[in-house]
Amino acid sequence: VSISGGGSFKLLKNLSFGLGLSVGLSNAVTSATYIRDSTNYDTLLVNNQIAVTVAVSPHMGLAYQPFSWLSLGGSLHAPQSFVIDTTIGATLPSGTQSGASKSEVHDFIPWRVSIGAQADVMKRRNWGLGVAASAKYAFWSAYQDRHGDSPSVYGADLAWSDTITWAAGIRPRYMDVRGFLDLQYAPSPVPEQVGRSNYVDNDRVGMAVGADLT
């Protein structure tokens with residue numbers, strides 16, 4: 001479960017700033033086990049303690065219009081993930097005790113920085129045409145899998161890389177109708193896979209089409 005919210009503030013006539021938070025949950029689990037019979041786990045006794053805390057991930061944006069025909073923007077997103085920290089303690093009938101701590105990381109998303117611009121290249125009384133472009137840099141080299149490990153621990157050739165996602169499009173306008181057509185290319189941070197590793201991913205191409213009426 002994740003909840004996001006934010007607000008924007010107009011600092012100057014042509015400068016706006018936005019700040020938001022994504023609120024998620026982080027879990028800590030302590031599992032104490034007593035193994036009465038190592039050959040029959042139906043006799044296993046388990047005592048779990050679960051604590052839930054709130055995890056906050058900030059994000060912010062900036063919009064600037066230096067000229068009437070040019071708009072600039074940027075955003076910064078902090079990492080997000082759903083983490084379960086588990087401490088396991090086991091006791092055998094002989095009295096021997098052992099334990100370990102494990103961390104599970106789900107839905108990891110790294111730091112992301114985006115910039116973009118939109119410019120009016122033609123502007124008439126009843127119609128106009130604009131162009132837009134953006135780039136997003138994602139720090140996927142910091143990726144953590146579900147065991148809380150970087151893929152590089154399984155070999156340097158499996159390390160993920162940072163990526164830049166590119167997008168460009170046009171903004172036609174006729175009287176009170178505006179439209180947009182965008183194309184995007186998002187390279188995969190995952191290298192070619194070797195053997196039975198399961199980090200399988202591919203580059204992606206996307207398109208967005210839309211319009212609005214004032």
*Considering only heavy atoms from C-beta outward, does the side chain of Val23 approach that of Val54 to under 4.5 Å?*
yes
_Please give the remaining members of the hydrophobic cluster of Leu45, linking ILVMFWY side chains under 4.5 Å, ordered by chain and number._
Tyr34
_Whether the side chain of Asp120 engages the backbone of Lys123 through a donor-acceptor N/O pair (distance < 3.5 Å, no angle test) should be reported._
no
_Closest non-hydrogen atom pair, Ala135 against Ile164_ = CB-CG2, 4.3 Å
_Within 6.0 Å of CZ in Arg178, more than 12 heavy atoms from elsewhere_ = no
*Side-chain contact test, heavy atoms from C-beta onward, threshold under 4.5 Å: evaluate it for Asp42 versus Leu44 and give yes or no.*
no
*State the CG-OG distance between Asn14 and Ser68, to the nearest 0.5 angstrom.*
11.0 Å
_Side chain Ser57, main chain Pro79, donor-acceptor under 3.5 Å_ = yes
*Relative to the ring of Phe17, is the ring of Phe9 parallel (under 30°), tilted (30 to 60°) or perpendicular (over 60°)?*
parallel
*asked:* Looking at every non-hydrogen atom in both residues, tell me the closest pair between His59 and Ser22 and how far apart they are.
replied: CE1-OG, 3.3 Å
*What distance do Met122 atom CE and Arg173 atom CZ have between them, rounded to the nearest 0.5 Å?*
13.0 Å
*To the nearest 0.5 Å, how far apart are OG in Ser152 and CH2 in Trp160?*
11.5 Å
_So if I apply the side-chain hydrogen bond (donor to acceptor under 3.5 Å, both in side chains) rule between Asp162 and each of Trp140, Tyr143, Tyr137, which one comes out positive?_
Tyr137
*Is there a side-chain contact between Asn27 and Phe82, using heavy atoms and a 4.5 Å cut-off?*
yes
*What's the spacing between Leu12 CG and Gln65 CD if we round to 0.5 Å?*
12.5 Å
*What distance do Leu70 atom CG and Leu72 atom CG have between them, rounded to the nearest 0.5 Å?*
4.5 Å
*Where the side chain of Thr30 meets the backbone of Ile50, is there a donor-acceptor pair that is under 3.5 Å apart?*
no
_Give me the atom names and distance for the closest heavy-atom approach of Asp182 to Ile170._
OD1-N, 4.1 Å
*Report yes or no: do Val105 and Phe139 belong to one cluster of Ile/Leu/Val/Met/Phe/Trp/Tyr joined by side chain heavy-atom distances under 4.5 Å?*
no
_Heavy-atom side-chain proximity of Val209 to Phe180 below 4.5 angstrom_ = no
*Are Leu19 and Val56 grouped together when hydrophobic residues (ILVMFWY) are joined by side-chain heavy atoms under 4.5 angstrom apart?*
no
*Which pair of non-hydrogen atoms, one from Asp85 and one from Ser103, has the smallest distance, and what is that distance?*
OD1-OG, 3.0 Å
_Within this structure, what is the CD-CE distance for the pair Gln184 and Met207, rounded to the nearest 0.5 Å?_
12.0 Å
*Is Asp107 paired with Arg146 through a side-chain N to carboxylate O contact shorter than 4.0 Å?*
no
*Kindly work out whether a path of hydrophobic side-chain contacts (I/L/V/M/F/W/Y, heavy atoms less than 4.5 Å apart) joins Ile115 to Trp111.*
no
_Under the side chain to side chain donor-acceptor pair (under 3.5 Å) test, residues paired with Asn48 that sit two or more places apart_ = Ser31
*Between the side chains of Asp201 and Ser188, does any donor sit under 3.5 Å from an acceptor?*
yes
*For the pair His147 and Glu104, evaluate side-chain contact (heavy atoms from CB on, under 4.5 Å) and give the outcome as yes or no after the intermediate values.*
CA-CA 5 Å; His147 300 286; Glu104 295 180 58; 6.0 Å; no
*What do the steps show when you test Val29 against Ile84 for side-chain contact (heavy atoms from CB on, under 4.5 Å), and what is the final call?*
CA-CA 7 Å; Val29 181; Ile84 304 175; 4.1 Å; yes
_Looking only at the aromatic ring of each residue, does the gap between the centers of Tyr174 and Trp127 stay below 6.0 angstrom?_
no
*Taking a hydrophobic cluster as the set of Ile, Leu, Val, Met, Phe, Trp and Tyr residues connected by side-chain heavy atoms closer than 4.5 Å, whether directly or through intermediates, do Val205 and Val190 fall within one such cluster?*
no
_I'd like to know if Tyr64 and Trp69 are part of one continuous hydrophobic network [Ile/Leu/Val/Met/Phe/Trp/Tyr, side-chain heavy atoms within less than 4.5 Å]._
yes
_Applying side chain to side chain donor-acceptor pair (under 3.5 Å), can you list everything that pairs with Ser8, at least two apart in sequence or on another chain?_
none
*Which atom names give the shortest non-hydrogen contact between Pro151 and Leu158, and what distance separates them?*
CB-O, 3.4 Å
